[in-house]
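Take a look at the structure set out below.
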Amino acid sequence: MFPAERPRRLRSTAAMRRLVAETSLEPRHLVLPMFVADGIDAPREISSMPGVFQHTLDSLRVAATEAVAAGVGGLMLFGVPRPEDKDATGSGASDPDGILNRGLRALRTELGDDTVIMADTCLDEFTAHGHCGVLTADGAVDNDATLVRYVDMALSQAEAGAHLLGPSGMMDGQIATIRAGLDAAGHLDTGMLAYAAKYASAFYGPFREAVGSSLSGDRRTYQQDAANRRESLREVDLDLAEGADMVMVKPAMSYLDVLRETADRSAVPVAAYQISGEYSMITAAAQNGWIDRDAAIDESLLCIRRAGADIVLTYWAAEVAARL
């Protein structure tokens with residue numbers, strides 16, 4: 001009889017499909033990005049990211065505790081300083097009393113080692129010009145001067161209680177430089193989740209609102225070109241050689257090919273960040289009744305896992321973890 005091979009047998013029931021599923025999505029795979037803002041007295045919803053908030057220190061503790069109770073694998077914290085506290089070198093990023101470091105201390109005090117507390121190790125939220133580093137007199141980002149600031153920031157975050165640092169500025173040599181600075185200060189157990197392949201993406205738009213970005217221009221001189229694949233794999237290899245404990249591809253959904261190749265070559269865990277624009281597109285389509293919201297969320301996350309991500313940063317982490 002024809003056909004002799006019938007793959008549909010393994011799709012015949014929900015139980016059969018569950019039995020033979022090649023990829024799983026579990027709460028532990030998910031990391032929740034969170035925003036803590038200075039100068040607000042109540043959580044403030046981000047208009048371009050419905051359902052996502054800038055938190056006060058108090059609401060941050062509550063939301064983080066709920067996420068951990070739902071089973072998320074970790075929390076990635078971003079700080080949103082007051083506009084008047086920004087300056088040319090992003091000094092608030094390394095200030096122990098800056099909003100991000102206060103937020104990290106609050107989370108570590110509240111949660112201890114019950115989850116993995118991660119910190120965004122980048123200057124862009126704290127600089128008046130909105131770039132991820134220190135600028136030269138002619139307005140270019142100074143790679144090596146920026147590395148000095150990254151070490152200062154990393155030490156402050158480690159001392160504030162972060163388990164993992166997330167260097168995301170795409171400066172050459174940032175992983176080796178930060179690792180050396182941490183080790184010299186005795187922070188041998190503080191890990192690094194390197195943003196190894198971070199693209200200059202149009203899908204970051206809503207995030208700029210989320211962190212109150214002051215950016216003028218773009219970041220194409222240091223973030224990856226969307227046209228390039230081999231270049232990103234070179235970046236991944238460099239970060240691995242410099243001592244990254246984990247590596248990340250960002251964005252996730254538009255760069256699944258890069259994610260797959262990164263996973264194939266990496267001996268350390270691989271993360272992918274489902275970024276603000278990806279969140280907002282699905283949310284907007286669902287609000288218009290064009291797609292099934294929960295099904296689209298679950299499918300998008302499963303596809304990122306299937307492409308090779310051990311860890312997925314997503315603004316739906318707590319919701320999906322609770323549902324799973």
Just checking, is any N or O donor in the side chain of Thr127 or Lys86 under 3.5 Å from an acceptor N or O on the other one?
no
Are Tyr199 and Ser232 linked by a side-chain donor-acceptor pair shorter than 3.5 Å?
yes
Flag the pair Thr177 / Val151 as yes when at least one side-chain heavy-atom distance between them is below 4.5 Å, and no otherwise.
yes
Got a donor-acceptor contact below 3.5 angstrom from the Asp225 side chain to the Asn228 backbone?
no
Should Trp316 and Ile282 count as side-chain neighbours, where that means a heavy-atom distance under 4.5 Å?
yes
Sidechain N-carboxylate O distance under 4.0 Å for Glu261, Arg229:
yes
Is any side-chain heavy atom of Pro33 closer than 4.5 Å to a side-chain heavy atom of Tyr315?
yes
Looking at side-chain heavy atoms only, is the closest gap between Arg108 and Asp113 below 4.5 Å?
yes
May I ask you to check whether over 12 heavy atoms, not counting those of Glu84, lie within 6.0 Å of atom CD?
yes
For His29 and Arg305, which I'm curious about, is there any donor-acceptor pair between the side chains at under 3.5 Å?
yes
Using a distance-only test with no angle check, is there a side-chain donor-acceptor pair under 3.5 angstrom linking Asp120 and Ser168?
yes
In terms of hydrophobic clustering (I, L, V, M, F, W, Y; side-chain heavy atoms under 4.5 Å; direct or indirect links), are Leu313 and Leu100 co-clustered?
no
Side-chain donor-acceptor pair under 3.5 Å between Asp142 and Thr146, yes or no?
no
Within the 4.5 Å heavy-atom criterion, are Arg219 and His131 side-chain neighbours or not?
yes
Could you give me the CA-CA distance, side-chain angles and deciding distance for Met253 and Ser300, then say whether side-chain contact (heavy atoms from CB on, under 4.5 Å) is met?
CA-CA 8 Å; Met253 294 170 64; Ser300 70; 4.0 Å; yes
Side chain to side chain, Val36 and Gln54, heavy atoms closer than 4.5 Å:
no
One thing to verify: whether Asp97 and Arg105 come together as a salt bridge, which I'm taking to mean a side-chain N less than 4.0 angstrom from a carboxylate O.
yes
Measure up the Phe207 and Phe78 rings against each other and bin them: parallel (under 30°), tilted (30 to 60°), perpendicular (over 60°).
perpendicular
Verify the cluster assignment for Leu165 and Ile175: are they in a single hydrophobic cluster under the rule of side-chain heavy atoms below 4.5 Å apart?
yes
If you look at every heavy atom in Gly166 and Met76, which pair is closest and at what distance?
CA-CE, 4.4 Å
Return yes if some donor-acceptor pair links the side-chain N/O of Ser156 with the main-chain N/O of Ser94 below 3.5 Å, else return no.
yes
Does a side-chain N-to-carboxylate-O contact under 4.0 Å join Arg260 and Asp257?
no
Taking 4.0 angstrom as the limit, do Arg293 and Glu319 come out as a salt bridge?
yes
With no hydrogens and no angle check, is any side-chain donor or acceptor of Asp310 less than 3.5 Å from a backbone partner on Val270?
yes
Using every non-hydrogen atom in the two residues, find where Glu26 and Leu30 come nearest and quote the distance to one decimal.
O-CG, 3.9 Å
Between Glu209 (side chain only) and Ser48 (backbone N and O only), is there a donor and an acceptor less than 3.5 Å apart?
yes
Do Leu164 and Met170 sit in one hydrophobic cluster, given that two such residues count as connected whenever their side-chain heavy atoms are within less than 4.5 Å of each other, even indirectly?
no
Check Asp245 with Arg179, please: is the shortest side-chain N to carboxylate O separation under 4.0 Å?
yes
Compare all side-chain heavy atoms of Met153 with those of Phe126 and state whether any distance is below 4.5 angstrom.
yes
Under a 3.5 Å cutoff, is there a donor and acceptor pairing between the side chains of Asp189 and His163?
no
Hey, any chance Leu193 and Leu111 share a hydrophobic cluster, counting ILVMFWY side chains that come within less than 4.5 Å of each other, even indirectly?
no
Compare all side-chain heavy atoms of Asp172 with those of Leu147 and state whether any distance is below 4.5 angstrom.
no
Show, in sequence, the C-alpha distance, side-chain angles and deciding distance for Val31 and Thr314, and conclude whether the side-chain contact (heavy atoms from CB on, under 4.5 Å) test is met.
CA-CA 6 Å; Val31 168; Thr314 175; over 6 Å; no
Does CZ belonging to Arg17 count more than 12 external heavy atoms closer than 6.0 Å?
yes
Could you tell me whether Lys250 sits above the aromatic face of Tyr195, with NZ or CZ closer than 6.0 angstrom to the six-membered ring centre and within 45 degrees of the axis?
no
Do you see a donor-acceptor pair shorter than 3.5 Å between the side chains of Asp138 and Thr136?
yes
Would you sort out whether Gln174 and Glu242 count as a side-chain contact (heavy atoms from CB on, under 4.5 Å), showing the intermediate values?
CA-CA 9 Å; Gln174 62 183 16; Glu242 290 179 19; 5.6 Å; no
Does a side-chain N-to-carboxylate-O contact under 4.0 Å join Arg234 and Asp237?
no
Is a side-chain donor-acceptor pair under 3.5 Å present for Thr283 with Ser280?
no
What do you reckon, are the aromatic ring centroids of Phe35 and Phe53 less than 6.0 Å apart?
no
